[in-house]
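What follows is a short report on a single structure.
Start at 1 and go down the list; that is how both ligands and their atoms are numbered. For this chain, numbers begin at 1 and follow the sequence in order.
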Amino acid sequence: MRKIIKTATVIAAASTLALTGCGRQGGSSSSSGGESKGFEKGSLIGVALPQKTSENWVLAEKLFKNDLESAGYKTDIQFANGGVAEQQNQISTMVSKGAKVIIVGAIDSKQLGTQLKQAKDAGATVIAYDRLVENTSDVDYYVAFDNYKVGELQGQALLDGLKKKGSGPYNVELMAGSPDDANSRKFFDGAMSKLKPAIESGQIKVLSGQKDFNQVVTQGWKAENAQKRFDTILSGSYSSAKLDGVLSPNDTLARAVLTAVKSAGKPTPVITGQDSEVESVKLIMSGQQYSTISKDTRELVKQAVTMVNELQADGKAKTNDDSSYNNGKKTVPAFLLKPVIVTKDNAAEVYKNDPTLSKIAK
Ligand code: BGC
């Protein structure tokens, strides 16, 4: 599967992080969303967001509201901080209010089957946003940064950061996101594709022994769960040993680990992240967090709204990768954007067009 994605014709506009590719051959009319002929201007668009587990979701809400409404649509944009049942109800409400497109950032990728079927039965188009929905054929499109690639970049950054510290072997601990988020596995598998050879050769040692996805997940993407797990690992396996590196799937969890490391009185390990959160970019600039990932939410929302406009006009949206993201029931036509790794070395360049981060990364 990864080979296919690597050879896919995607056009990267490197400095803006966005892919501005036109639909790849066969990519623009391959989904069930392509059968209808568009819908009335000014229709209702539903956006179902998960919990506010990272800054990107908060920003997405604001951008969706602004971008959809200035394009003339009515909106119903909801967070589901109460959990899966709340998100299910919100989607059902969007369907009964007649939403023409429902954009979904799922809390639990496998728990929306009934509601998405309702959406499809009512004639709406379903776009999975950032997180794939799984085990359902009732999803038309996927728009996201390439999340397997995110994992590969994280794994490689960890190896690079460790190398800068000396020749190893290195003591490293692994961490993954919430198991109900389809992205968590992608991030972890991508990272492990880079780290596994070093673990197998003994160059990387995992003193806790926790190397499998299910052993290293962080329920709900919650900082307190990551911190607790690392408190235990540090006191159990690192009372005399040094912790050289940590694979962290995002910035919020990286900061939680750094808190645990600090309170154990240990030196800062090489640690990865994701999302370019303000506090983490500060930590990168001061040398405490090694890397993050830039997945510019402005670009992702913009692409999602472009797809809504295409659907409005003629009932189908352009995609640029129709072969990489299978959800267990179907391969979902996707528009993938390109994530970028950020360390202290390239932060100023990557964030130069970001009004907030350009002031931090100078
Ligand atoms: C997103 C990440 C985010 C995480 C927690 C994932 O699905 O892709 O960007 O850090 O959710 O909110």
Side-chain angles (χ1 to χ4, degrees), residues 17 47-61 63-64 79-81 83-84 87 103-112 127-134 139 142-154 157 175-191 213 216-227 246-257 271-281 283-284 289 291-301 303-304 324-325 327 332 334-342 357:
L17 321 179
V47 183
L49 297 169
Q51 286 130 328
K52 298 180 184 177
T53 42
S54 42
E55 282 171 10
N56 51 333
W57 296 111
V58 179
L59 184 57
E61 179 198 31
L63 293 167
F64 269 123
F79 271 108
N81 286 311
V84 175
Q87 186 164 56
I103 298 170
V104 183
I107 296 174
D108 186 323
S109 65
K110 296 194 175 78
Q111 300 291 331
L112 297 177
I127 302 178
Y129 171 87
D130 185 283
R131 300 174 170 182
L132 192 56
V133 285
E134 298 182 293
V139 51
Y142 181 41
V143 60
F145 282 87
D146 184 346
N147 289 309
Y148 187 89
K149 180 78 191 161
V150 167
E152 288 182 324
L153 293 171
Q154 290 172 328
M175 177 166 46
S178 193
D180 44 14
D181 175 357
N183 280 348
S184 300
R185 237 280 171 222
K186 293 276 173 207
F187 300 149
F188 189 71
D189 288 350
F213 179 74
V216 304
V217 292
T218 312
Q219 198 62 49
W221 286 101
K222 288 210 169 96
E224 72 232 43
N225 293 338
Q227 196 174 326
V246 177
L247 173 73
S248 168
N250 81 356
D251 287 347
T252 305
L253 301 188
R255 295 196 301 275
V257 171
I271 187 164
T272 60
Q274 167 175 208
D275 294 333
S276 300
E277 295 203 334
V278 169
E279 286 313 310
S280 281
V281 173
L283 292 175
I284 287 174
Q289 183 174 321
S291 66
T292 186
I293 299 277
S294 172
K295 302 194 305 184
D296 193 330
T297 306
R298 296 170 301 175
E299 297 297 335
L300 191 56
V301 169
Q303 182 54 39
S324 296
Y325 279 82
N327 78 346
V332 185
F335 199 107
L336 300 181
L337 308 190
K338 199 173 162 234
V340 174
I341 190 75
V342 185
L357 298 179

Task: Structural part of Thr252 in contact with ligand 1, heavy atom criterion under 4.0 angstrom - done: neither
Open item on the list: Please classify the Tyr129 to ligand 1 contact at 4.0 Å (heavy-atom distances, strictly less than): side chain, backbone, both or neither.
Closed with: neither
- [ ] Report yes if the side chains of Phe145 and Ile293 come closer than 4.5 Å at any heavy-atom pair, otherwise no.
- [x] no
TODO: Show which atoms of ligand 1 fall inside a sub-4.0 Å distance from at least one heavy-atom site of Asp130.
DONE: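 This gives 1 (C), 6 (C), 7 (O), 8 (O) as the contact atoms.
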Open item on the list: Using a 4.0 Å cutoff against the non-hydrogen atoms of Trp57, which atoms of ligand 1 qualify?
Closed with: 11 (O), 12 (O)
- [ ] Write out the residue and atom name of the closest protein heavy atom to atom 11 (O) of ligand 1, then the distance separating them to 0.1 Å.
- [x]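 Sorting protein heavy atoms by distance from atom 11 (O) of ligand 1 puts Arg131 NH2, 2.8 Å first.
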TODO: Report yes if the distance between the aromatic ring centroids of Phe213 and Phe187 is under 6.0 Å, otherwise no.
DONE: no
- [ ] Give a yes or no answer on whether the side chain of Glu152 reaches the backbone of Asn147 with a donor-acceptor pair at less than 3.5 Å.
- [x] no
TODO: Check whether the side chains of Asn250 and Trp221 place a donor and an acceptor atom closer than 3.5 Å, and report yes or no.
DONE: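 No, because no side-chain N or O of Asn250 sits under 3.5 Å from a partner of the opposite role on Trp221.
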Task: Under 3.5 Å side-chain donor-acceptor pair for Arg131 and Ser109 - done: no
Open item on the list: Using a plain distance cutoff, I'd like to know if Asn250 has any nitrogen or oxygen under 3.5 Å from a nitrogen or oxygen of ligand 1.
Closed with: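 N/O-N/O distance below 3.5 Å exists for this pair.
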- [ ] Would you please determine whether Phe145 falls within less than 4.0 Å of ligand 1 on a heavy-atom basis?
- [x]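 It does not; every heavy atom stays at 4.0 Å or beyond.
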